[in-house]
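First up is the structure itself, then whatever we jot down about it.
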Amino acid sequence: MRITPLIVVFYLLGFVANAQTKNPLPTNAQLKWHQNNYYFFMHFGPNTFTGKEWGDGKEKTEVFNPTQLDTDQWCKVAKESGAKGIIITAKHHDGFCLWPSKYSTHTVRESGFKRDVLAELSASCKKAGLLFGVYLSPWDRNHPDYGTEKYNDVFVNMMTEIFQQYGPIWELWWDGANGEGPNGKSQEYDWKRYEKVVRQLSPQTIIFSDIGPDIRWVGNESGYAGKTNWNLLDTFGFKRGHGAPHQDTLGTGNYKGANYIPAEVDVSIRPGWFYRDSENDKVKSSDNLFKIYLESVGRGANLLLNVPPDSRGLIHENDILALKGLKNKIDELEKVNLLKFAALNQASPDKNNPQKKSTWHYILKKPVSFNGIILEEELKYGQKIASAIISLSLNGEQVFQEIITTVGNKRIIQLPKSIQATELSIVINESKGLPFLKRIKAY
Ligand code: FUL
């Protein structure tokens with residue numbers, strides 16, 4: 001056959017089309033991130049002392065003065081709550097830096113307090129075996145260079161300081177809120193450069209922004225992911241800080257999305273992101289927190305639960321109590337596996353891999369009370385399951401059925417009440433290629 005330029009063009013077009021229909025795969029760092037699916041967020045800074053949510057950057061640095069700062073206590077609470085790490089607001093929109101940055105004059109160094117909060121927390125996390133992450137607001141209402149090209153250098157220098165002095169940084173948060181600086185100017189952020197710098201400094205760090213590159217915002221701050229939740233997102237035509245896809249789309253992802261960018265659910269245990277005395281009786285109950293857990297982690301997203309330290313520099317007693325309750329409820333999910341002694345009817349097994357098949361049918365010897373079912377998809381080969389029917393039967397008669405539209409990292413199907421059953425069946429009726437459930441459990 002003679003290779004004409006036309007054939008080459010057709011060949012290339014075919015190649016492009018094929019690449020586009022491929023199911024995007026997670027990176028190793030993303031796969032690891034999925035495993036650590038519940039961790040703390042901590043909003044801490046001048047707002048903790050002024051009662052504001054968004055400081056304007058004109059606050060006196062002296063207002064920042066925690067009297068009993070103890071980052072070991074934060075870590076102890078995180079550990080005891082089952083959280084896998086802590087992400088701290090190293091710099092919120094007010095520009096105040098929790099570390100003595102060389103690139104700002106609005107930091108802990110200038111406050112009467114003087115201690116380096118980032119250094120203390122990063123050391124405490126290491127000691128406790130917790131992951132350490134940093135929130136760094138691009139929007140800065142204090143920095144004199146904001147709104148000019150020089151600010152891009154400032155932001156890059158700050159990130160460099162953080163990575164070099166306090167690393168390893170597990171997750172980096174670029175907040176999407178974007179407004180004017182002290183000079184009334186807004187900033188053209190050099191996102192490409194920021195990303196390049198982070199990748200060079202720390203290739204394993206997971207970067208959050210509304211639209212990734214590694215993980216996305218879930219589209220709300222109320223604590224839930226979409227019932228359908230694809231780890232895929234189309235980002236073409238969207239620019240960070242200048243409008244993301246519709247909030248509902250962020251919650252559900254895109255079925256045929258071009259990029260693997262799973263969702264993270266950020267929500268506060270209190271009405272505000274920052275601590276306030278007046279909200280001590282408004283801490284979410286453990287029931288409420290558990291509902292959030294089911295609707296975030298239980299829908300395949302990660303949960304970033306904000307637990308803001310108080311003005312002493314400690315996690316408040318009321319928050320600790322609610323978190324204990326949450327931990328007990330999460331532990332309950334893992335206690336028993338009702339399927340341990342059930343017979344598995346291998347309806348349509350894949351000989352090479354028994355976990356790759358589309359029907360599972362468990363039969364129990366006698367009726368047991370089901371409270372819920374947990375499914376986990378193997379994501380290394382991409383997220384595939386697009387519809388599954390879960391049913392329970394009691395002696396041949398169906399007593400419960402639910403259709404789910406995605407599984408992903410973890411799907412928790414919590415029953416409205418305990419249901420007696422002798423059989424559980426899971427039928428996957430739509431999948432992008434062979435489905436792969438790596439875990440099935442009932443509690
Ligand atoms: C938002 C911010 O404006 C809030 O203050 C908070 O930090 C939240 C997590 O993200 O964009």
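Numbering of ligands and ligand atoms starts at 1, following listing order.
- The Y135 neighbourhood of ligand 1 comprises atoms 7 (O), with distances under 4.0 Å to a heavy atom of that residue.
- Side-chain atoms of E59 come within 3.5 Å of backbone atoms of G57 as a donor-acceptor pair (strictly under, hydrogens ignored).
- Looking only at distances, a side-chain donor or acceptor of R276 sits under 3.5 Å from a matching main-chain atom of G51.
- Each of E378, E376, E377, E295 was evaluated against K410; a single residue qualifies, E376, per the salt bridge (charged side-chain N to carboxylate O under 4.0 Å, His left out) test.
- Counting the atoms of ligand 1 from 1 in the order shown, those under 4.0 Å from a heavy atom of W54 are 2 (C), 3 (O), 4 (C), 5 (O).
- Atoms of ligand 1 lying under 4.0 Å from at least one heavy atom of F41, given by number and element, are 9 (C).
- Although no hydrogens or angles enter the test, the distance criterion places a donor-acceptor pair under 3.5 Å between the side chain of N254 and the main chain of D234.
- Within the 4.0 Å heavy-atom criterion, the part of D266 lying near ligand 1 is the side chain and not the backbone.
- Remark: K327 NZ to Y38 OH distance equals 9.0 Å, nearest 0.5 Å.
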>> As a quick check of understanding, evaluate side chain to side chain contact (heavy atoms under 4.5 Å, CB included) for Y293 and K329, giving each step before the final call.
In response: CA-CA 10 Å; Y293 184 86; K329 288 173 204 290; over 6 Å; no
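- Every atom of ligand 1 with a heavy atom of A177 under 4.0 Å away is listed here by number and element: 3 (O), 11 (O).
- For the residue pair S369 and S418, no side-chain donor N or O sits within less than 3.5 Å of a side-chain acceptor on the partner.
- For ligand 1, the atoms lying closer than 4.0 Å to a non-hydrogen atom of H92 are 4 (C), 5 (O), 6 (C), 7 (O).
- Of all atoms in ligand 1, listed by their number and element, those nearer than 4.0 Å to a heavy atom of E221 are 1 (C), 8 (C), 10 (O).
- The nearest heavy-atom contact from the protein to atom 11 (O) of ligand 1 is D175 OD1, 2.6 Å.
- Looking at atom 6 (C) of ligand 1, its nearest protein heavy atom turns out to be H43 NE2, 3.4 Å.
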